[in-house]
Amino acid sequence: MTDSAKPTLMVVDGHSLAYRAFFALPVENFTTKDNQHTNAIYGFLSMLVNLIKAERPTHMAIAFDTSRHSFRTDEYPEYKATRSETPSEFKGQIPLLHDCLAAMSIPVLTKEGIEADDILATLSVQGSAQGYDVLLVSGDRDTIQLVNDEVTLLYPSVQGVSQLKRYDPVAVQERYGVRPEQYPDIAALVGETSDNLPGVPKVGEKTAVKWLTQFGSLDELLERAEEIKGVVGGNLREHMDDVRRNRKLNRLLIDVELPVGPADLAVAPIDAQAVRDIFARLEFRTLLPRVFEAVGATDEPVHDEPAVQVPVPVESAPAEFAAWLPAQTGELGLTLVTAGGRVTRIGVAGETELREGDWSDEMADALRAWLESDAGKVLNDAKKQVKALLRERIRLGGLRYDTLLAGWLMRPSFPDKTLAHLVDRYLGEKLPEADPSQLVPETDGATPAQEAWFTLRAAVALREAMPESVTAVLTDIELPALLVLADMEAAGVAVSHDVLSTFSGELLTRTDGLAAEAFALVGREFNLGSPKQLQEVLFEDLQLPKTRKTKTGYSTDAAVLADLQESHPHPFLALLLQHREATKLRQIIESLDSAIGKNGAIPDDHRIHTTYVQTGSQTGRLSSTDPNLQNIPVRTEESRRIRSAFEVGEGYETLLTADYSQIEMRIMAHLSGDAGLIEAFNSGEDLHRFVGARVFGVEPEEVTSAMRTKVKAMSYGLVYGLSAFGLSKQLRIEQAEAKKLMLEYFARFGAVRDYLRASVLQAKEDGYTETIFGRRRPFPDLSSPNRVLRENAERAALNAPIQGSAADIMKIALNRIHADLRKGGLGSRVLLQIHDELVVEIAPGEWDRVEQIVRTQMAGAADLSVPLDVQVGAGRDWNEAAH
DNA sequence: ATCCAGACGTA
DNA sequence: CGTACGTCTGGATG
């Protein structure tokens, strides 16, 4: 940091520094889950943050080359011609780096035909003329010529990108033995291999410096070249043209026409939300706080406007509170503070008047009528509060809006997680929050009624911003589903501890035995659960061939082990696979067992109460956590024993399971209008048999199980944007055969391909996909210049309307079933939703009526051009009911 | 304590 | 080089 009052202009050669970072940081450690490399971006930003912190520039810009072509290549086509092709892994990172810099409000400067260093040169001359201290950051030695009393160069040292050497005129003199402006003369004599500029043979830095000192200037030297004796003298005389050319090319332009000057480059506040978004996408976690720290912002929603005047709530006793409510017109914001699943405080907000008070039995009695009434209410993250009210035997009525759900529907890929974020984004205001790091907080957090007030106002802004079709999804699908999910979570599902622990005991005996056998085979004990130790055993002790590479070594996953077993059979492999399987089951059992009676269970209910995260997916599906009941094993006979622990609860008669068969394929038939596929579903024939017959040109009864497997994989793969490569991998067939299979398939079901293509194109045009019911998902990456990003987005965009429509249909069915059960005064209740399956607990004597309701509402949830087929089963436990 | 990678369960 | 999720473990980090 300088003591002077002079402003500091920092100009960075983005390309050269990002390129150094690209080679300096191991790509294995910098790859996102969708395979986007980020090492250059990370390294560059990391260094930039350090620079900003250390140098505190008042003005800043990053210059980039536009392409390899420049005025220098026009003059000398061989310029930089020996450089190897820029790796595409690097090029792909540049647009993303630009996005990061834009979010950080740092100007990026480029100019066609001009190299970044020329921009540095021009700005450095302008800057020093206009009274700035200039800091240049570049990995290109040509920039040394720009150094003077006002201009300092930071140059990456050999040790690494994070180490920058500071060159002022003295440092240049020390390092190179000449004044900065003479450096290009040396470079011209010595040549620059990396730029493909040959110099004088046998002349290095030492000789060049000696000559220049002796003759005073390059011109003088060339003039009097005859005076130099020996071989080098001859060389110099032979290569005078090369030297002149080099000197011409390494002279940086100081008069590039730029749209901005130093004064326009004043450091601006960063767009905190944009930075959070792009860093989330790049999976930069540790970098985020460093950025905020460096620019002096906090990692909290920021805004420029002064804090709004928040009305002061009136602390109200039950009777007074109850009397106030009916006098209010229009919707009210509502916030229930909960702790341990119980209501502790309530706040209600109109536009200007706010009321709140502690929860008590008296308060519950006083407010019950209003809470249960159809009077309009707006909440943020209502489900938890609805559940807490259920425990007070209050059923919330009049739920008109949930800002958290609305925020998710607006941006399903980056849902705002808290009211504070929503208030920041949609109101541009800051929700008062107590600083938890301070013993005596400077600022008080918002009270419940104040949160309700912000919620109410955020809802207004969200309604304004939300497209009509999305609003329909919110009011017709999501808000009713929220209430159903609250009931399902509160109900929980009965799980037998005895069944689980018996099974777990058996598995423990087995895993111990398998481990002992495995250790005997290997000759030592180790941790079978450690991929790292396992690699030592497989590839060193047992000398098995190396498998697919991962970030940290070689893969030991099940598919790889199965391949190994085929090519290099070894008894250890089978033991390992069995051990893995049994261990996995034990883990699942253990986590289920420990979840019994938790999360809002009433004492000794022996039930598991999962939490459905309504905003948990980008497509519209639910997710289930704590524990996840949507991934309970089903594929193997043995694993289904876990399902048999899910039992019908006391006071109920049986479990009913109902699932949609091939709902995604049916949606694809509907959306594509493919006549063959529609016929398949209307024919009543087994889908894969029907498709197999068409694809292979045989009668349905002649479709072999191998054929059926192939078309089945193909059909399902279609929904995910499968490639011939992926299909060949899954079916373990040649790529050529997979390609042929795809061609045959599309020859028969061409409208499917047409639809998939058109749907991605449409998404590219709109910037988002849409389900049958109007749920949207934005896909900005469909037009990304980065191939990895773009192709990933294309597959996701292909899948989103299909998976999303299926999710919509299930939610609609769920809502209607729930409504019918209540309307019919039935005691039966829906317990679980597993994407295309429902589990219902049937009260005594209600089977027939409930089965009728479930079948009707599931089949009738959408009017497609193919029927929605529903399979129903019954049993004392989940496994039995699934048959 | 917290984060990440690898592995694996579901639709 | 097939979409959408959550959870567990070991191992490295602070």
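Computed over heavy atoms, backbone and side chain alike; hydrogens, waters and symmetry mates excluded. Below, chains carry the letters A, B, ... as their sequence lines are ordered, and counting in each starts from 1.
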Length of the line joining [X]:[atom1] and [N]:[atom2], which is rounded to integer Å:
X: A/E794; N: C/dT3; atom1: CD; atom2: C1'; result: 14 Å
X: A/Q535; N: B/dG6; atom1: CD; atom2: C1'; result: 10 Å
X: A/R666; N: B/dA11; atom1: CZ; atom2: P; result: 17 Å
X: A/R548; N: B/dG6; atom1: CZ; atom2: C1'; result: 10 Å
X: A/D659; N: B/dA11; atom1: CG; atom2: C1'; result: 11 Å
X: A/L288; N: B/dC3; atom1: CG; atom2: C1'; result: 15 Å
X: A/K729; N: C/dG2; atom1: NZ; atom2: P; result: 9 Å
X: A/L832; N: B/dT10; atom1: CG; atom2: P; result: 16 Å

Using a cut-off of 4.0 Å on non-hydrogen atoms, how would the nucleic acid contact of [X] be classed: base, sugar-phosphate, or nothing?
X: A/R777; answer: sugar-phosphate
X: A/G616; answer: sugar-phosphate
X: A/S639; answer: nothing
X: A/L718; answer: nothing
X: A/Q803; answer: base
X: A/V613; answer: nothing
X: A/K532; answer: sugar-phosphate
X: A/A807; answer: nothing

Please pick, from [options], the nucleotide with the shortest atom-to-atom distance to any side-chain atom of [X].
X: A/R580; options: B/dA11, B/dA7, B/dG6; value: B/dA7
X: A/S617; options: B/dA7, B/dT10, C/dC5; value: C/dC5
X: A/I588; options: C/dG2, B/dG9, C/dC8; value: B/dG9
X: A/P531; options: B/dG6, C/dA4, B/dC8; value: B/dG6
X: A/T556; options: B/dA7, B/dA11, B/dG9; value: B/dA7
X: A/R795; options: B/dG9, C/dC1, C/dT7; value: C/dC1

Shortest non-hydrogen contact from A/A518 to A/F572?
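A/A518 and A/F572 have their closest heavy atoms at CB-CE1, 3.8 Å.
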Do any side-chain nitrogens or oxygens of [X] fall under 4.0 Å of OP1 or OP2 in [N]?
X: A/T583; N: C/dC8; answer: no
X: A/N631; N: C/dG6; answer: no
X: A/S623; N: C/dG6; answer: yes
X: A/S723; N: C/dG2; answer: yes
X: A/K584; N: C/dT9; answer: no
X: A/Q618; N: C/dC5; answer: yes
X: A/S530; N: C/dG11; answer: yes
X: A/Q533; N: C/dG11; answer: yes
X: A/T625; N: C/dC5; answer: no
X: A/R635; N: B/dG9; answer: no
X: A/K551; N: B/dA5; answer: yes
X: A/T550; N: B/dG6; answer: yes

Indicate whether any N or O donor in one side chain lies under 3.5 Å from an N or O acceptor in the other, for A/S46 and A/R290.
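Their side chains do contain a donor-acceptor pair, which is all the 3.5 Å distance test asks for.
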Looking at C/dG2, does its base get a donor-acceptor pair with the side chain of A/Q730 below 3.5 Å?
yes
Go through the N and O atoms of the side chain of A/R621 and the base of B/dA11, and report whether any donor-acceptor pair is under 3.5 Å.
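Looking at the base of B/dA11, it does pair with a donor or acceptor on the side chain of A/R621 (distance under 3.5 Å).
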I'd like to know whether the aromatic ring centres of A/F284 and A/Y42 sit less than 6.0 Å apart in this structure.
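Ring-ring flag for A/F284/A/Y42: true, centres closer than 6.0 Å.
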Report the residue (A/G717 or A/S624) whose heavy-atom-nearest nucleotide on DNA chain C is the more 5′ of the two.
A/G717
Reading DNA chain C from 5' onward, which residue's closest nucleotide shows up sooner: A/G529 or A/A796?
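It is A/A796 whose nearest nucleotide is closer to the 5' end.
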Presence of salt bridge, A/E734 and A/K739, under 4.0 angstrom:
no
Looking at A/E293 and A/K53, does any basic side-chain N land under 4.0 Å from a carboxylate oxygen?
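A/K53 and A/E293: salt-bridged.
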Mind telling me whether A/H688 and A/Y716 have parallel, tilted or perpendicular rings, with 30° and 60° as the class edges?
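Tilted: the ring planes of A/Y716 and A/H688 meet at 30° to 60°.
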Distance to the ring centre below 6.0 angstrom and angle to the axis at most 45 degrees; does that hold for A/R524 and A/F526?
yes
Cation-pi geometry met for A/R777 and A/Y768 (6.0 Å, 45°):
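The answer is no; the distance or angle limit is not met.
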